[in-house]
K.L.:
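The structure follows.
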Amino acid sequence: MARIGVFICHCGENIGRTVDCAAVSAAAAKMPGVVVGVDYKYMCSDPGQQMIRKAIIEQKLTGVVVGACSPRMHERTFRAAAAEAGLNPYLLEMANLREHCSWVHSNQAEATQKAIDLVRVMVAKVRRNRALRPIRVPVEPTALVVGGGIAGIQAALDIAAGGKKVVLVESGPSIGGHMARLSETFPTLDCSQCILTPRMVEAASHPNITLMTYSEVASVEGFVGNFTVTIRRKARYVDPAKCTGCGDCFNKCPIKKIPNEFDAGLGQRRAIYVPFPQAVPNKPVIDAAHCTMLQKGKCGLCAKVCPRGAIDYQDQDRLEKVKVGAVVLATGFQLWDHAAYGEYGGGRLRDVIDGFAFERLASASGPTGGLIKRPSDGKEPQTVVFLQCCGSRDDKVGKKYCSKICCMYTAKHAMLYRHKVYEGRAVVFYMDVRAAGKGYEEFVRRAIEADGAEYVRGRVSRITRRRDGKLVVRGADTLAGRPVTIEADLVVLADAVVPRPGSEKLAQLFGVGYDQDGFYSEAHPKLRPVETAAAGVFLAGACQAPKDIPETVSQASAAAAKVLGLFAKPELEREPVIARVNRTTCAHCRACISACPYGAAKDFDIVDRAGKVLRAVADVNEGLCQGCGTCASVCRSHSVDLDGFTDEQIHAELNAL
Amino acid sequence: MKTIETGRLPDLAQALSAAGYRVVAPIEEGGVVRFREWAPGLAIAPGVVPANSLKDFLFPRSEVVARFALEPGGFSPAPVERSAVKTAVLCARPCDAAALAALDAVFNWDYRDGAYNARREAATVVSLACSKADEHCFCTSVGGAPDGVAGADAILRPADGGRLLVLDALTEKGRALDQAAAGALAEGPAALDAPAALPRRFDPEAVGRWLAANFESPFWKEAALACLGCGACAYACPVCHCFDLQDETDRAECRRLRNWDSCGFGLFTLHASGHNPRPDQSARWRQRVMHKFSIYPQKFKTLACTGCGRCSRLCQAGMAIAATCERIEALGR
Amino acid sequence: MMKTETSTAPAPAAFEPRITAFVCNWCTYAGADLAGTSRLQYASNMRIIKLPCTGRIDPLFVLKAFENGADAVLVSGCHPGDCHYTSGNYHARRRWTLFRKLLALTGIGDDRLFFSWVSAAEGQKFADLVNDVTAKVRKAGPFRAAHPGRRAS
Amino acid sequence: MKALREAAEKLLREKRVSLVIGYEGRKGRPAFFAAKPEDCGRLAYDASCRQNLAAYLGKPEIRARLPVALVAPPAVLRSIVVMSAESQVAPGQVLALAVDGDSYLGTFDAAGAAELLRAKYSTLAPEPALLERVQGLLQKSPAERAAFWEAEFSKCTRCYACRAACPGCYCSRCIVEKNAPQWISTAALGHGNYTWNVMRAFHQSGRCTLCGACEAACPQGLPLMLLNAALDREALEEFGSRPGYDPEAKPLIGSWSADDDHSYMR
């Protein structure tokens, strides 16, 4: 038999002013199943909570309704109080008499009547409440970090420093990502590799970090705390265990003229190669597409010269399973292909290059040893035009959004160029200069004032190549309001920042959302910027939105903190509001399985002792279920129910109205 | 003889409602002839066996049998009015009237059902003898006749090739109705039409004997294959009387309802444990046949079937109880 | 015997509609909270049933509300794309598109059944919505006792 | 019909099925169950066969005898495809003896049935007369519509012949039989009848193949197809839903698209 206690709060004057709280508690006391009906000035105060605890114990209450403020305000408070008195916290419900009643109605009679109704509804509900226990799921204290750029490296190092194991997966042969390709970094102009490579080495050598380069996520099973991720270890054709990285193989390799991706195609590599001298691990892989041995079975030179017999042409992709409790996605970005702009040469003009190409030209470790030489004829360009917002802020051909980093790296490029070519002209076309950030505005001003970069506000309408090799850049100076034509030797386009190819597929594997541009969606744009809708999956870096290095690193550390927080307890506790299937009545129409946003509803075979399948039904995975209840309402026979919002509770609430 | 032209049945109805009767008669609506309350202007369709039976007006498909007011702090019983309207049923079928004996028996054997008896006493049944029958009719096989008078307070007999109907009062109620209807009736000679010729199809006793002895017969499995387990047969049947009690509660009160139920439903015998003593449709179909031809006769000395044929007329799957009985009789031989 | 079912009560002079609202916990319920904290005044005719998500709302809930004497029903949740559970409101939307057609066909029209997206930030929208719905239902009058969907008391 | 009988006989002789469910060649064309090749001579089919034999696939006694074959006009073929999309029919467990008018079209499994439907019957639609009645009803005022349905639903005795007739109603425990809580009143009174009939129709949305068996089965002659046809058209116009053409189809209720209409929401 139900013994419900109803506690009406005046909230000082907030409720009492418009609702006759005494009348409400008196009416409540007469409701079926109610044994206590009292009102008090401040229920959330210590004496108020004491009043509830006392009643629970002395009156042996089986349920409690607190008529007060919004449950969003104090449900935790009162449920905690109930728990202290030995009542299961989920046997307490709140009627919202303040936000939904006293504050929005002025007529006392009406407000009081509504308050009584709201309390009656909650009394009816709480009579059907069942004691619920928080869902406990064990946590595998190992993190998977996908992407070996600065974001992934930082996240991995922080998690490892926190004493937890990390599996760092990188699709390329080496970690380091784009940052390893940069010459200097704004706004301090310190050498990118100088600050990055120590981190790369640390990541590779850290006892808590397992590095998996040249590898990709193939499939994902499980849920927060208990993911099983299958990693595809791509065939390297070089046994890293045997290889010492001596370099004999790639020095002898006859296939020499493969454009080097790392150098944005400006330099060349062999068919067996390490992407760059400081690569980690510093061990070559064979590019099967270009290797004549793997293609035609001819050559085999590298195997001959390898002193350790590390070359294995029979090598194949392997699948490896790892169990992890949390995942950090740090897959980064790439530059949008400006070939879409016919007016800029459609990608056919060799001296119209993108930001990365310029980084490689300016980099001491680049194909030109740090000398600015234009690709077509290797001459030093005397006039360089830099073009911002190439594909950004252009929803016709390019992207709607601002790529955020281009203003700064263009200023840096202009600066670096002027440092290397004293007489050279650096002309920057821009729409706006967005230099919000510590030391950023100063940096741009330096480029203009100290280093004499010429900033022209306006767009470039077309770039054409003249016979003599000059690039004729026609545009408009919108400040002066006149057309400008510049004869340039090199044009650098600040192409838009876009997600890596295949990032959608990866998001789908992990159940992470992404926007129309393919950037991963955070759980909340303000308050949960590193979480995703998929519990236990976090974001770091430019895979979520264009970011510069400091931002990327801070988000990576934030993600690491989230992971460490998740790993702090051996088990994780979740709200027990989850769906349950009545296997006796389930007809296995699979509507719930199709509807579940989390893949928590699954097929389940009912088997006899001999293991023979008697019947298939639907089942809900407690770890994955988030408690939306969509499955319950697509179930025609109502064989799925939702704890905390059961059919019985809702039916009772409706009958009380 | 007291006569009325078949086409003028509404006059009879009019006279009776003028005399304070609620008149129930077969009335066509949307292609379906149904017993329903007659109102001025409505034509009466005596030609066919209506889709529903007389039962509807004595034992309605749903009725409130108890009320509880949800007072602050608890429940308290509220009165349920038992008033039954004085009703005349026109053109009931002899097979409908014959069913009354079976209903009276079950609603009075251990406990006098107030609601049923109030309506029963207030009802005067005027049946209409059948001058034709269809392939589903089999009253003659279950002790009835196309012009049978069992259960009727008065009977109308077709005469002069169906042009006229001759009214014979059979009981006190019947004579009272006769009086009330006097205005609509003519006095004169009429040549009674021959009742429908309906050869006997099976012997219910033989069927009953086989049933009592063959509960586990494999016959049932195959005989019930077509049955889809709806309640159409039971609800159309003039004798079926099973019901279910349901409570419905809202903010103000709780009502206890008595609703028709059918042994054809799987839920009918489903235990709370999940066990079902009648696990499949063959067990349910067997129950239906046995109840009508074995169990009920043993208990009340009367069959629970009057051969009206509604069940087979309405069955979407072509289940026919008469055909089943024929086969059972054959099995018995 | 159906008589008790079909008595039509004439609308009382001052008709105060009873409106039942089914709202999701994360958007509309929070929006209603915001209306409160902003002290926006609105009609007191609506009673809210809180659910985790519009995805949880079964059409049976709506019919039960009408059966129990609601003069109108409101269903409200997160805007498309805002669902706390990523897609519960998309499932709800499709369901209601079909269900309202069925109700319209059987005599429950747009003046009885209302749908709205109200985010946690739209306190004003919620208040306006309640006032607007209440006004419309006042105009529409009591949900006919003769409507088969309503229990005759 | 000869071809149909021979095909059925063959299936039984070759033991590909344990049972052929068809219509019998006597008055009313009741369901007929052929378990032996020699029974097949009694099979017949014509337009008067309104019963949807796929409804038997939900019956445990029949499921216990799978694999079975069904005599199936186009609407029944669609029912079989819907049931296999809803994992009620395992591949190869049900064979359809496809018929149309008086011609036999061959024996198909669910996938084959879907192909046949897409090839030959891609434009099945409710009869114009039926749609006109729906439109006519929608022209009326809500009060008139309510009155119309009240008159109709008041005839409902809750015999559930409609449910028994419908292949879509294969739930082992129908929602109306759920009593904790009892969402739908089992009393054959206004509110229970309304909720029952409306929910029965709604539960078929995106699944109903408009075979008409429910209306044909109703002893009281309720115009149930008005509800089904209205929903069918809405589902087609709003979501392009055409149930029974794809054995892999996702359920209409239980899937969504970001560009579903919500003009009626504010």
Side-chain angles (χ1 to χ4, degrees), chain A residues 69-73 93 96 98-107 109-115 117-118 120-122 125 511 513 515 521 523-524 533-534 575 577 579 594-598 626-636 638 642 644-645 647 649-651 653-657, chain C residues 16 18-26 29-70 81 83-92 94-95 120 123 126-127 130:
Chain A
C69 51
S70 168
R72 304 172 68 81
M73 183 83 167
E93 296 280 352
N96 190 336
R98 193 180 72 176
E99 285 82 349
H100 287 192
C101 192
S102 68
W103 275 352
V104 291
H105 308 311
S106 42
N107 175 314
E110 287 180 14
T112 304
Q113 185 49 56
K114 178 172 177 178
D117 287 354
L118 296 177
R120 188 192 303 100
V121 167
M122 275 308 151
K125 180 182 185 187
D515 62 23
S521 308
H524 189 286
E575 271 281 291
V577 174
S594 157
C596 179
Y598 303 98
Q626 301 292 312
C628 64
T630 303
C631 51
S633 58
V634 298
C635 181
R636 294 183 287 276
H638 282 215
L642 182 67
F645 297 89
D647 266 26
Q649 290 170 307
I650 297 161
H651 187 268
E653 289 179 75
L654 285 168
N655 276 353
L657 273 175
Chain C
E16 282 304 330
R18 287 168 62 184
I19 302 164
T20 305
F22 299 95
V23 309
C24 82
N25 175 47
W26 303 95
Y29 193 92
D33 276 1
L34 180 58
T37 41
S38 325
R39 306 299 197 280
L40 305 169
Q41 298 296 296
Y42 57 79
S44 67
N45 301 64
M46 189 176 287
R47 304 289 181 263
I48 280 184
I49 305 281
K50 183 178 82 171
L51 297 148
C53 177
T54 42
R56 173 68 179 104
I57 306 168
D58 189 298
L60 274 168
F61 302 174
V62 173
L63 293 184
K64 180 58 80 176
F66 280 120
E67 182 181 310
N68 284 344
C83 179
H84 178 80
Y85 304 100
T86 71
S87 58
N89 56 350
Y90 286 126
H91 284 285
R94 181 167 276 201
R95 191 180 306 147
F126 182 80
V130 177

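Within every chain, numbering begins at 1; the chains are lettered A, B, ... in the order of the sequence lines, protein sequences first and strands thereafter.
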K.L.:
Taking C-beta and beyond as the side chain, do C:Asp58 and A:His638 meet within less than 4.5 Å on heavy atoms?
P.N.:
yes
K.L.:
For A:Asn96 and C:Asp33, work out which heavy atoms get closest and say how close.
P.N.:
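Heavy-atom minimum between the residues: ND2-OD1, 3.0 Å.
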K.L.:
Given a strict heavy-atom distance threshold of 4.5 Å, which part of A:Leu657 is in contact with chain C: side chain, backbone, both, or neither?
P.N.:
both
K.L.:
Kindly say whether the aromatic ring centers of C:Tyr42 and A:His105 come within a distance under 6.0 Å.
P.N.:
yes
K.L.:
Rounded to the nearest 0.5 Å, what's the gap from CG on A:Asp117 to CZ on C:Arg18? Could you check?
P.N.:
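Going from CG on A:Asp117 over to CZ on C:Arg18, the span is 8.0 Å.
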K.L.:
Say you draw a straight line from CG of C:Leu40 to CH2 of A:Trp103; how long is it, rounded to the nearest 0.5 Å?
P.N.:
12.0 Å
K.L.:
Go through A:Thr630, A:Leu642, A:Val104 and name the one with the most non-hydrogen pairs under 4.5 angstrom from chain C.
P.N.:
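Among the listed options, the one with the most contacts to chain C is A:Val104.
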K.L.:
Under the side chain to side chain donor-acceptor pair (under 3.5 Å) rule, collect the residues that match up with A:Glu575, sequence neighbours excluded.
P.N.:
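With sequence neighbours excluded, A:Glu575 shows a side chain to side chain donor-acceptor pair (under 3.5 Å) to A:Tyr90, given in chain and number order.
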K.L.:
Could you tell me which portion of A:Asn655 (side chain, backbone, both or neither) has an atom closer than 4.5 angstrom to a non-hydrogen atom of chain C?
P.N.:
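Both backbone and side chain.
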K.L.:
Can you name the residues that form a side chain to side chain donor-acceptor pair (under 3.5 Å) with A:Arg636, not counting sequence neighbours?
P.N.:
D:Tyr170
K.L.:
I'd like to verify something: which residue of C:Leu60, C:Asn25, C:Val130 has the highest number of heavy-atom pairs under 4.5 Å with chain A?
P.N.:
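It is C:Asn25.
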K.L.:
Please state whether the rings of A:His100 and C:Tyr29 are parallel, tilted or perpendicular, taking 30° and 60° as the class boundaries.
P.N.:
tilted
K.L.:
Is it the side chain or the backbone of C:Ile57 that comes within 4.5 Å of chain A heavy atoms, both, or neither?
P.N.:
backbone
K.L.:
Where is the tightest heavy-atom contact between A:Pro71 and C:Lys50, given as atom of each residue plus distance?
P.N.:
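For A:Pro71 and C:Lys50, the tightest heavy-atom pair comes out as CG-NZ, 3.7 Å.
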K.L.:
Please rank C:Ala127, C:Ser44, C:Ser87, C:Cys53 by heavy-atom pairs under 4.5 Å with chain A and give me the top one.
P.N.:
C:Ser44
K.L.:
Hey, could you give me the CD/NE2 distance between A:Gln626 and C:His84, rounded to the nearest 0.5 Å?
P.N.:
7.0 Å
K.L.:
Can you tell me if C:Asn68 uses its side chain to pair, donor with acceptor, with the backbone of A:Leu654 under 3.5 Å?
P.N.:
yes
K.L.:
State, to 0.1 Å, how close A:Cys628 and C:Tyr85 come at their nearest heavy-atom pair, and which atoms those are.
P.N.:
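That would be CB-CG, 3.2 Å.
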K.L.:
Please determine which of C:Arg56, C:Arg95, C:His91 meets the side chain to side chain donor-acceptor pair (under 3.5 Å) test together with A:Ser633.
P.N.:
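Testing A:Ser633 for a side chain to side chain donor-acceptor pair (under 3.5 Å) against C:Arg56, C:Arg95, C:His91 leaves exactly one candidate, C:Arg95.
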K.L.:
I need the residue from A:Cys101, A:Gly644, A:Cys69, A:Ala632 with the largest number of non-hydrogen atom pairs under 4.5 Å to chain C.
P.N.:
A:Ala632
K.L.:
Where the side chain of A:Glu653 meets the backbone of C:Ile49, is there a donor-acceptor pair that is under 3.5 Å apart?
P.N.:
no
K.L.:
Just so I know, are the side chains of C:Asn45 and A:Glu110 near enough to count as touching, which here means a heavy-atom distance under 4.5 Å?
P.N.:
no
K.L.:
Answer with side chain, backbone, both or neither: which region of C:Thr20 has an atom nearer than 4.5 Å to a non-hydrogen atom of chain A?
P.N.:
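The side chain, not the backbone.
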K.L.:
Keeping A:Glu99 on the side-chain end and C:Ala30 on the backbone end, is there a donor-acceptor pair under 3.5 Å?
P.N.:
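Checking the backbone N and O of C:Ala30 against the side chain of A:Glu99, no donor-acceptor pair under 3.5 Å is found.
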K.L.:
Mind ranking C:Leu34, C:Thr37, C:Thr86 by heavy-atom pairs under 4.5 Å with chain A and telling me who comes out on top?
P.N.:
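Of the candidates given, the most pairs with chain A belong to C:Thr37.
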K.L.:
Which of the residues C:Gly81, C:Pro52, C:Gly69 is involved in the greatest number of heavy-atom pairs with chain A at under 4.5 angstrom?
P.N.:
C:Pro52
